[in-house]
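Worksheet: the structure to be examined is printed underneath.
These figures come from a predicted structure and were not determined experimentally. Side chains are part of it too, since the values below use all heavy atoms of this structure and drop only hydrogens, waters and symmetry mates. In the text below, chain A, chain B and the rest are named by the order of the sequence lines, each starting its count at 1.
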There are 2 protein chains.
Amino acid sequence: MSFNTLGGTAFPSPASGGLEGWQRAVRRAGHRLTRPRRAVLEVVAQADAALTAAEIHRLARDRHPHTGLVTVYRTLNLLVELGLVRRLRIEEGGQVYLRADLHQPGHHLICRSCHRAVEFPCRGLEEVVEEMERRTGFTVQDHWLELFGLCPACQEEQEQ
Amino acid sequence: MSFNTLGGTAFPSPASGGLEGWQRAVRRAGHRLTRPRRAVLEVVAQADAALTAAEIHRLARDRHPHTGLVTVYRTLNLLVELGLVRRLRIEEGGQVYLRADLHQPGHHLICRSCHRAVEFPCRGLEEVVEEMERRTGFTVQDHWLELFGLCPACQEEQEQ
DNA sequence: TAACGTATTGAAACTCATTTTCAATAAGAT
DNA sequence: ATCTTATTGAAAATGAGTTTCAATACGTTA
């Protein structure tokens with residue numbers, strides 16, 4: 001398990017008007033809107049947590065039963081290329097897909113006891129990053145902050 | 001490639017007296033010191049940057065030509081269990097191994113163009129962390145901050 | 001120094017996630 | 001309605017890492 005709560009906790013579930021936007025984006029980029037592709041778009045556009053390819057495959061089949069896992073992968077790669085979806089590597093070595101607008105890049109609270117990961121909206125990091133750019137000459141495009149510790153539930157458990 | 005400069009930049013190459021310590025640790029834990037195991041220990045103990053299993057395999061063969069990749073994996077897992085080595089996941093999905101004493105957990109500036117990683121002393125993050133603890137109830141024990149972007153040299157190159 | 005029990009080895013087989021191949025299909029432009 | 005060609009899915013390939021198992025070699029004890 002672990003990261004499959006990614007996105008789910010901190011971002012309740014915003015727009016779903018994104019779907020049509022995605023379809024337009026796909027067409028505009030010169031791609032066809034096929035049935036399996038539509039199925040994958042719908043699943044990912046409507047999910048408000050990060051999903052594995054296998055999970056997306058299962059859900060897409062509810063919409064278009066014939067959808068193959070290969071096409072799920074291909075469509076996900078397309079969506080990542082178009083910038084609509086982010087591919088996230090999880091600690092165990094797999095990858096997971098999340099709507100780009102849900103992806104606060106790289107802010108995770110990870111519980112070392114129960115391995116649950118929660119995304120959090122990050123405040124105050126901008127200054128740290130700017131300071132670092134000034135000091136090193138780097139241009140920072142992205143960042144990734146992970147906090148490791150104990151979640152409230154596991155703290156309680158350990159106190160008993 | 002990518003992370004293979006990890007550790008390399010900020011830690012020129014400290015002790016190599018670590019080797020005997022490792023051998024003792026392995027024996028103390030009830031394991032035998034076989035030739036291939038020695039070869040892997042030597043390679044990893046003397047490397048001052050993170051290496052992939054394949055790279056370690058290649059280098060270990062210089063010392064004991066018969067060494068199999070399987071044994072490299074097994075030995076690396078052993079070293080990780082003993083806490084002598086850290087296994088780091090890299091962006092591309094693979095993993096990389098680094099002497100634990102070289103692993104300043106988690107402050108890296110990583111250049112997306114030349115893949116060099118530089119460690120930096122982190123200032124101002126404490127407040128961000130505390131704010132987060134207050135807001136979520138987590139107890140934070142550790143953190144990992146990675147900044148991705150372009151180093152000064154690569155910025156110049158791209159401007160031409 | 002030899003002999004022995006057993007941890008360790010390496011090759012091959014196996015996972016599991018992802019990608020490639022390729023003939024058949026179906027978008028969507030005309 | 002037709003036609004071009006992007007897209008599909010099944011099967012095969014890949015690649016990192018693990019498991020299996022008979023053969024080997026540590027290192028303890030005699």
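Across all their heavy atoms, A49(A) and L102(A) have their closest contact at N-CD1, 4.4 Å. Of all non-hydrogen atoms in A50(B) and V96(B), the two that sit nearest each other are CB-CG1, 3.2 Å. Nearest heavy atoms, R86(B) versus A100(B): NH1-CB, 3.6 Å.
Q23(B) places no side-chain N or O within donor-acceptor distance of the main-chain N or O of L33(B), the cut-off being under 3.5 Å. With H57(A) contributing its side chain and V40(A) its backbone, the two residues share no donor-acceptor pair below 3.5 Å.
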Enumerate all atom pairs, one protein N or O and one N or O from nucleotides 28-30 of chain D, separated by less than 3.5 Å.
unit_1, atom_1, unit_2, atom_2, d
dT28(D), OP1, R27(B), NH1, 2.9

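Distance OH (Y73(A)) to C1' (dT19(C)): 10 Å, rounded to an integer number of Å. The distance from atom CZ of R87(B) to atom P of dA16(D) is 15 Å, rounded to the nearest whole Å. The interatomic distance linking Q95(B) (CD) with dA17(C) (C1') rounds to 14 Å, in whole Å. H57(B) places its NE2 atom 14 Å from the C1' atom of dA16(D), with the value rounded to the nearest Å. Summarising the geometry, the separation between CZ on R38(A) and P on dA6(D) is reported as 19 Å, rounded to the nearest angstrom. Atom CD of E55(B) is separated from atom C1' of dA16(D) by 14 Å (rounded to the nearest Å). As a whole-Å value, the separation of R35(A) CZ from dT8(D) P is 13 Å.
Contact check of residues 60-71 of chain A against DNA chain D (heavy atom, cut-off under 4.0 Å) returns H66(A), T67(A), G68(A), V70(A), T71(A). Heavy-atom distances under 4.0 Å link DNA chain D to no residue of residues 75-86 of chain A.
Out of dG5(C), dC21(D), dA10(D), the shortest distance to the side chain of R74(B) is found at dC21(D). In this structure, of dA27(C), dT9(C), dG27(D), it is dG27(D) that holds the atom nearest to the side chain of L33(B).
Taking side-chain N and O atoms only, T34(A) has a distance below 4.0 Å to OP1 or OP2 of dT8(D).
A side chain to side chain contact (heavy atoms under 4.5 Å, CB included) with R37(B) is found for one member of V72(B), L78(B), T67(B), T71(B) and no other, namely L78(B).
Heavy-atom contacts from other residues, nucleotides or ligands closer than 6.0 Å to CZ of R87(B) number more than 12.
Checked by distance alone, R37(A) brings no side-chain donor or acceptor within 3.5 Å of a matching partner on the base of dT8(D).
The shortest distance between side-chain heavy atoms of Q95(B) and T52(B) does not fall below 4.5 Å.
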Pair R99(A)-L84(A), side chain to side chain contact (heavy atoms under 4.5 Å, CB included): steps then yes or no: CA-CA 6 Å; R99(A) 260 162 58 197; L84(A) 300 171; over 6 Å; no
Verdict with reasoning, D62(B) to L59(B), per side chain to side chain contact (heavy atoms under 4.5 Å, CB included): CA-CA 5 Å; D62(B) 292 345; L59(B) 292 168; 4.3 Å; yes
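At a cut-off of 3.5 Å, with distance as the only test, a side-chain donor of E146(A) or W144(A) sits close to an acceptor on the other residue.
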